[in-house]
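Working notes, beginning with the structure itself.
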Amino acid sequence: MQGFDAAKINEIIRKASEGSRFYQHKQQAQQKLDAKIKEMLHTAQQMSPQLLEKATKKMEAVALECEAGRDLSRTIVHVDMDMFYAAVEMRDQPNLKDVPMAVGGNSMLSTSNYIARKFGVRAGMPGFIARQLCPALVLVPPNFSKYKAVSRVVEQVFAIYDPNYAMMSLDEAYLDITDYMEANADAYQAKSEVDNETLAEAIVREMRLKIQEATQLTASAGIAANTRLAKVCSDLNKPNGQYYLPSDTRAIMDFINKLPIRKISGIGNVTEQQLKALGITLCGQIRPNYGLLRLLFSDCSLDYFVRISLGLGETDLSNYTSGEQKSISTETTFTGTSCKQKLMQMVSDLSIELHGDMKKKGLVGKLVTLKTKTVNFVLKTRSMALGEPTSDPEVMGKVARKLLIAEMEKCPVDEPLSLRLLGVRMSNLSEEASSGRAKQTTISKMFEKQTVSAGRESSSNYCLVTESVAREVQAFHD
DNA sequence: AAAAATCAGTAGC
DNA sequence: ATATGGCTACTGATTTTT
Ligand SMILES: Cc1cn([C@H]2C[C@H](O)[C@@H](COP(=O)(O)OP(=O)(O)OP(=O)(O)O)O2)c(=O)[nH]c1=O
Ligand SMILES: [Mg+2]
């Protein structure tokens, strides 16, 4: 056995990556971020104490307002299947149960089982590096339709506890079990008393058992007053476990104060580094730095940070479920080439594939976007609006090819555009007008469309709800 | 000056 | 021997249009 040691794992990964174009690009990005952080610290240093104090006061006022709106009345559950894709494969091929395995291919892994994780094999890691960490690793190609089918079975269980559950991906969902708790409190009385559990815990334990009975797969869950906290909690007793965070302000503050910021959904690698430079690694360190943050980040981000520091989050799941798809795309990675003929052909093929996906969903779009990635991993997007929405592969292909030609022509002849990825995306979507169907259908569809677009125009757009969620869920800066 | 369009970047699964 | 995915949604800065 080897590879259990974190230092050794990192060493192998570094050796395997070193010198590659991927690694070079990553380092370049890191340098850029370092520069940005340095500038941030510079502006931070120049701030006068008076200015800082003023900013702090302002932020505290915002915090007070947020605190006043704290809602502890809902019981939110986040359920997350354990090593989902891998677990499905292990269930269906029992010989995989006690060996290190991962789902994915030579260039990328979707996930790995817990045996493989001991070797440092993780989601997002290329298969060829994973094999170096763990030579015995078994790679299983993904079966998306199978995972989708399993996901539907799990959904049936969710529906029992909350008909308005919000599916966030194939393997995770938020549920609001408040109503279920009220309606079924008596039925769980004996159960929860025997196990010395709260009602919510007993219900969630039963739900996880039902998932296991229905799928032979285990799930983990977090129970808390809002989605942000519930999501953190579902990770704490993984796999096949659950964590209950009582819905009182003291318990929540104790919990959040010692929580690493990186555990919060929406804080990724970049934001973590930025905050770390300011001495913030725990959520509890946000509030003492309100003033500093105010002078360095956007209003949106500030709002987000304040809410994190108070342990606040979304309590209304309808904010997740409402809303249509905004874009649809297809992309492909290949061994780098600058052959114009090949690249053009690929764009045409992608457009045909995209047409198929759009047709399945009955979507048409108005904005065509071409995505390119050079052999040095530099990403670019170029877009062009159509006169009217379509999913016609010829139209989309023609526009996408035009965008590609424009990019190729910008390159000098001695250094032609050399790509490793091409993608085509359609956005500004609407529903396809049904053709050749009964009049009834056509008319009702037209009506539907009209109301939707009227809604968009009048109320500063249909995103009002969605947008407020967005500010919650995500945080970016510059 | 406001609104729309465009693009890079961050993030999550 | 070489080699790092595909999809969606959002923010924020900048440019262009109205
Ligand atoms: C993180 C990640 C997940 N996935 C897929 C595969 C995962 O099985 C599925 C769910 O993601 P996760 O819930 O993040 O991971 P997991 O279920 O495999 O493992 P865990 O026990 O830690 O929850 O999404 C990707 O395809 N790419 C990724 O980068
Ligand atoms: Mg999972």
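Convention: sequence-line order gives letters A, B, ...; per-chain numbering from 1. Worth saying up front: this structure is predicted, and the values here are computed from it rather than measured.
Regarding contacts with the backbone of B:dA8, a side-chain N or O of A:Thr381 is found under 4.0 angstrom from either OP1 or OP2. Taking only side-chain nitrogens and oxygens, A:Ser301 comes nearer than 4.0 Å to OP1 or OP2 of C:dG12. Look at A:Ser265 and you won't find any side-chain N or O under 4.0 angstrom from OP1 or OP2 of B:dA11. Neither OP1 nor OP2 of C:dA3 sits under 4.0 Å from any side-chain N or O of A:Thr335. Contact annotation: A:Arg122 side-chain N/O to B:dC13 OP1/OP2 distance is not under 4.0 Å. Within the 4.0 Å cut-off from OP1 or OP2 of C:dG5, not a single side-chain nitrogen or oxygen of A:Thr332 is found. The side chain of A:Lys36 places no N or O atom within less than 4.0 Å of a non-bridging phosphate oxygen (OP1 or OP2) of B:dA8. Checking the phosphate oxygens (OP1, OP2) of C:dG6, no side-chain nitrogen or oxygen of A:Lys371 falls inside 4.0 Å.
For A:Lys326, the listed nucleotide lying nearest its side chain is C:dC10; candidates were B:dA11, C:dC10, C:dG5. You'll find that the side chain of A:Ser329 is closest to C:dC7, out of C:dG12, C:dG5, C:dC7. When distances are taken from the side chain of A:Leu367 to each of B:dT10, B:dC7, B:dT6, the shortest belongs to B:dT6. Relative to the side chain of A:Glu172, the nucleotides C:dG6, B:dC7, B:dC13 differ in distance, and B:dC13 lies closest.
Listed by chain and residue number, A:Met253 satisfy the side-chain contact (heavy atoms from CB on, under 4.5 Å) test with A:Asn257 (two or more places apart in sequence, or in another chain). Remark: A:Met384 pairs with A:Val399, A:Lys402, A:Leu403 by the side-chain contact (heavy atoms from CB on, under 4.5 Å) rule, at least two apart or across chains. Residues satisfying the side-chain contact (heavy atoms from CB on, under 4.5 Å) test with A:Arg91, not counting sequence neighbours, are A:Val88, A:Val150, A:Thr215, A:Gln216, A:Leu217.
Residue-level contact check: A:Ser20 touches the bases, meaning some heavy atom is under 4.0 Å from a base atom. Contact annotation for A:Ser17: base contact, defined as any heavy-atom pair under 4.0 Å involving a base atom. Contacts of A:Asp171 with the nucleic acid, taken as non-hydrogen atoms under 4.0 Å apart, involve only primed sugar atoms and P, OP1 or OP2. Nucleic acid contact for A:Arg21: none, since no nucleic acid atom lies under 4.0 Å from a heavy atom of the residue. Using a 4.0 Å heavy-atom criterion, one finds that A:Lys231 contacts the sugar-phosphate atoms exclusively. Residue-level contact check: A:Ile129 touches the bases, meaning some heavy atom is under 4.0 Å from a base atom.
Rounded to an integer number of Å, the gap from A:Leu386 CG to B:dA5 P is 13 Å. Here the P atom of nucleotide C:dA3 and the CG atom of A:Leu139 are 18 Å apart, to the nearest Å. Atom-to-atom, CG of A:Asn428 to C1' of B:dT6 comes out at 12 Å; the value is rounded to the nearest Å. Rounded to whole angstrom, the span from the CD atom of A:Glu331 across to the C1' atom of C:dG5 amounts to 8 Å. B:dC7 atom C1' lies 11 Å from atom NZ of A:Lys380, rounded to whole Å. As rounded to whole Å, 21 Å separates atom P of B:dA4 from atom CE of A:Met384. Rounding to whole angstrom units, CE of residue A:Met168 and P of C:dA9 are separated by 11 Å. Summarising the geometry, the separation between CD1 on A:Ile264 and C1' on B:dT10 is reported as 17 Å, rounded to the nearest angstrom.
For A:Tyr304 (side chain) and A:Cys300 (main-chain N/O), no donor-acceptor pair under 3.5 Å exists by modelled atom type. Under the 3.5 Å distance criterion, the side-chain polar atoms of A:Asn289 are left unmatched by any main-chain donor or acceptor of A:Leu292.
Residues A:Met125 and A:Leu133 form a side-chain contact, since some pair of their non-hydrogen atoms from C-beta on lies under 4.5 Å apart.
Residues in residues 342-388 of chain A take part in these ring-ring contact (aromatic ring centres under 6.0 Å, His included) pairs, two or more places apart or across chains: A:Phe22-A:Phe377.
Taking the six-membered ring where tryptophan is involved, the planes of A:Phe255 and A:Tyr243 are tilted, since the angle between them lies from 30° to 60°.
Residues from residues 107-116 of chain A with heavy atoms under 4.0 angstrom of DNA chain C, sorted by number: A:Ser107, A:Met108.
The residue among A:Leu170 and A:Lys32 whose nearest nucleotide of DNA chain B is located toward the 5' end is A:Lys32. Comparing A:Leu33 and A:Asp80 along DNA chain B, the residue whose closest nucleotide (by nearest heavy atom) sits nearer the 5' end is A:Leu33. Heavy-atom nearest nucleotides on DNA chain C were determined for A:Ile328 and for A:Met125, and the one closer to the 5' end corresponds to A:Met125.
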Kindly list each side-chain donor-acceptor pair under 3.5 angstrom involving residues 357-373 of chain A, sequence neighbours excluded, with atom names and distances?
| unit_1 | atom_1 | unit_2 | atom_2 | d |
| --- | --- | --- | --- | --- |
| A:Lys361 | NZ | A:Gln325 | OE1 | 3.3 |
| A:Lys371 | NZ | A:Glu331 | OE1 | 3.3 |

